[in-house]
Amino acid sequence: MGILYVTATIRNPADPSRTWSGRFLVDTGAIDSLVPRQHLEGIGLRPKGKRTYRLADGRATAIDITSGDIEVLGELTAGVIVCGDPDAEPLLGVTVLESAGFEIDPQNQRLKKLPALRL
């Protein structure tokens with residue numbers, strides 16, 4: 001499958017008028033989503049803790065995380081968001097995709113809305 005991008009919006013749950021929208025790489029190898037820290041802080045989302053992640057080069061590192069509302073193709077969900085470096089590409093992880101009710105359609109290289117969520 002090729003590379004798939006979607007536009008998504010991050011929303012501060014405490015003040016839904018504070019949002020940031022961007023182009024996200026759909027990354028089925030990532031559990032959580034990632035947004036450059038400055039965009040999260042710009043809408044009032046601050047780190048709430050740290051999680052250890054294994055990077056593509058095999059290293060494990062502790063990175064700040066927060067949580068927020070995430071809207072993908074009109075579907076609203078919430079999820080853990082990794083506070084990325086300033087130049088990091090926004091990533092949409094698999095937990096957000098699944099909780100918003102999407103699966104990857106590899107044949108057409110797009111997100112496909114499920115008729116119902118798996119419980």
Side-chain angles (χ1 to χ4, degrees):
M1 185 175 133
I3 296 172
L4 177 61
Y5 288 91
V6 297
T7 298
T9 300
I10 306 298
R11 192 171 277 114
N12 183 331
D15 182 356
S17 68
R18 297 182 75 180
T19 66
W20 177 79
S21 295
R23 184 173 179 248
F24 286 70
L25 173 65
V26 175
D27 187 350
T28 58
I31 300 298
D32 295 326
S33 298
L34 180 142
V35 173
R37 179 186 301 268
Q38 71 270 19
H39 300 308
L40 297 170
E41 290 178 350
I43 62 170
L45 295 178
R46 304 284 183 251
K48 295 179 178 178
K50 286 186 178 284
R51 264 197 192 159
T52 301
Y53 290 94
R54 178 132 346 254
L55 305 179
D57 66 6
R59 290 180 297 129
T61 186
I63 306 173
D64 288 340
I65 60 166
T66 190
S67 60
D69 291 340
I70 305 169
E71 186 175 342
V72 181
L73 301 174
E75 293 294 328
L76 183 64
T77 190
V80 171
I81 306 168
V82 177
C83 302
D85 291 335
D87 59 345
E89 180 172 39
L91 301 176
L92 203 58
V94 70
T95 55
V96 165
L97 295 173
E98 289 180 353
S99 66
F102 291 101
E103 66 182 5
I104 303 288
D105 178 353
Q107 190 170 18
N108 296 307
Q109 295 191 10
R110 65 180 183 89
L111 292 182
K112 179 179 162 186
K113 182 71 178 143
L114 297 170
L117 293 175
R118 296 178 185 103
L119 187 57

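Everything numeric here is computed off the predicted structure, so don't read it as measured data.
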Rounded distance (nearest 0.5 Å) linking atom [atom1] of [X] with atom [atom2] of [Y]:
X	Y	atom1	atom2	answer
Leu34	Phe24	CG	CZ	8.5 Å
Asp105	Arg110	CG	CZ	5.0 Å
Leu111	Tyr5	CG	OH	13.5 Å
Leu92	Ser33	CG	OG	4.5 Å
Ile10	Leu45	CD1	CG	8.0 Å
Leu91	Thr28	CG	OG1	11.0 Å

Same cluster or not: are [X] and [Y] linked, directly or through other Ile, Leu, Val, Met, Phe, Trp or Tyr residues, by side-chain heavy atoms under 4.5 angstrom apart?
X	Y	answer
Ile104	Ile70	yes
Val94	Val35	no
Phe102	Leu76	no

Contact summary for [X] and [Y], nearest pair of heavy atoms:
X	Y	value
Cys83	Pro47	SG-CG, 4.2 Å
Ala100	Lys113	O-NZ, 2.8 Å
Asp15	Ser17	OD1-OG, 2.7 Å
Ala14	Pro16	C-CD, 3.9 Å
Leu40	Val82	CD1-O, 4.0 Å
Ile65	Lys50	CG1-N, 4.2 Å

Taking [X] for the side chain and [Y] for the main chain, is one N or O donor matched with an acceptor at less than 3.5 Å?
X	Y	answer
Arg46	Glu41	yes
Thr95	Ile31	yes
Thr9	Ser21	no
Arg18	Gly42	yes
Asp69	Arg11	no
Asp85	Asp87	no

Query raised in the report: side chain to side chain contact (heavy atoms under 4.5 Å, CB included) between Thr61 and Leu55: does it pass, once the steps are laid out?
Result: CA-CA 8 Å; Thr61 186; Leu55 305 179; 3.7 Å; yes
**Report entry** By side chain to side chain donor-acceptor pair (under 3.5 Å) - contacts of Lys112 (at least two apart)
**Finding:** none
Report task. Kindly write out the residues that satisfy side chain to side chain donor-acceptor pair (under 3.5 Å) with Arg51, not counting sequence neighbours, or none if the list is empty. Result -> Asp32
Query raised in the report: If you count the non-hydrogen atoms of other residues, nucleotides and ligands that lie under 6.0 Å from CZ in Arg59, is the total more than 12?
Result: no
Query raised in the report: Please, which pairs that meet ring-ring contact (aromatic ring centres under 6.0 Å, His included) have at least one residue in residues 28-82, sequence neighbours excluded?
Result: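 Only Trp20-His39 qualify under ring-ring contact (aromatic ring centres under 6.0 Å, His included).
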